[in-house]
Amino acid sequence: MNIGIIEPYSDGFLEVLPEGESSDYWQIAAIHINGQAYCPTPQLYRSEKLALAKAAKIYDWIAEQESDTSDGTYYCSPLQLILWQQSKAS
């Protein structure tokens, strides 16, 4: 049984999930940084390792852009994907 993976990264963590019960494909569920969750455009990756590597790149991009981010939707042009930001829980 494949289950999701939560991996610590820098000051946050990366969350990836298998596509389905017996699938070898993975997707990025969210990138968590400073109490915020960012969900990228859905895309399948051929392995857990590839999904985590892409999630790390997204995390790094968010960290670089952090002063320019607030609740909303963002286009990450270097990685050609859209991110949806979830608000911090009160």
Separation between [atom1] of [X] and [atom2] of [Y], rounded to the nearest 0.5 Å:
X: Asp60; Y: Ile31; atom1: CG; atom2: CD1; value: 10.5 Å
X: Asp24; Y: Glu48; atom1: CG; atom2: CD; value: 11.5 Å
X: Glu15; Y: Gln27; atom1: CD; atom2: CD; value: 10.5 Å

Closest contact, heavy atoms only, [X] versus [Y]:
X: Trp26; Y: Pro18; value: CE3-N, 3.4 Å
X: Leu14; Y: Leu52; value: CD1-O, 3.7 Å
X: Ala29; Y: Cys39; value: O-SG, 3.6 Å

For Trp84, which fellow cluster members are found when Ile, Leu, Val, Met, Phe, Trp and Tyr are connected by side-chain heavy-atom distances below 4.5 angstrom, either directly or through intermediates?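 Noted: Trp84 shares its cluster with Tyr75, Ile82.
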
Show the numbers, then the answer: is there a side chain to side chain contact (heavy atoms under 4.5 Å, CB included) between Ile28 and Tyr45? CA-CA 9 Å; Ile28 300 169; Tyr45 301 91; 3.9 Å; yes

Got a sec, which residues hit side chain to side chain contact (heavy atoms under 4.5 Å, CB included) with Leu79, two or more places apart in sequence or on another chain?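 Per chain and number, Leu79 pairs via side chain to side chain contact (heavy atoms under 4.5 Å, CB included) with Lys54, Lys57, Ile58, Cys76, Leu81.
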
For Tyr9, enumerate each residue passing the ring pair (Phe, Tyr, Trp, His ring centres under 6.0 Å) test, keeping only those at least two apart in sequence or located in another chain.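 So Tyr9 forms a ring pair (Phe, Tyr, Trp, His ring centres under 6.0 Å) with Tyr59.
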
So if you build clusters from Ile, Leu, Val, Met, Phe, Trp, Tyr with side-chain heavy-atom gaps below 4.5 Å, do Tyr38 and Leu17 land together?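 No; Leu17 is not reachable from Tyr38 via cluster members.
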
Quick check: is Ile5 connected to Ile33 through a chain of hydrophobic side chains (ILVMFWY, heavy atoms under 4.5 Å apart)?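 Yes.
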
Please step through side chain to side chain contact (heavy atoms under 4.5 Å, CB included) for the pair Tyr25 and Arg46, ending with a clear verdict. CA-CA 5 Å; Tyr25 287 88; Arg46 292 180 183 240; 3.7 Å; yes

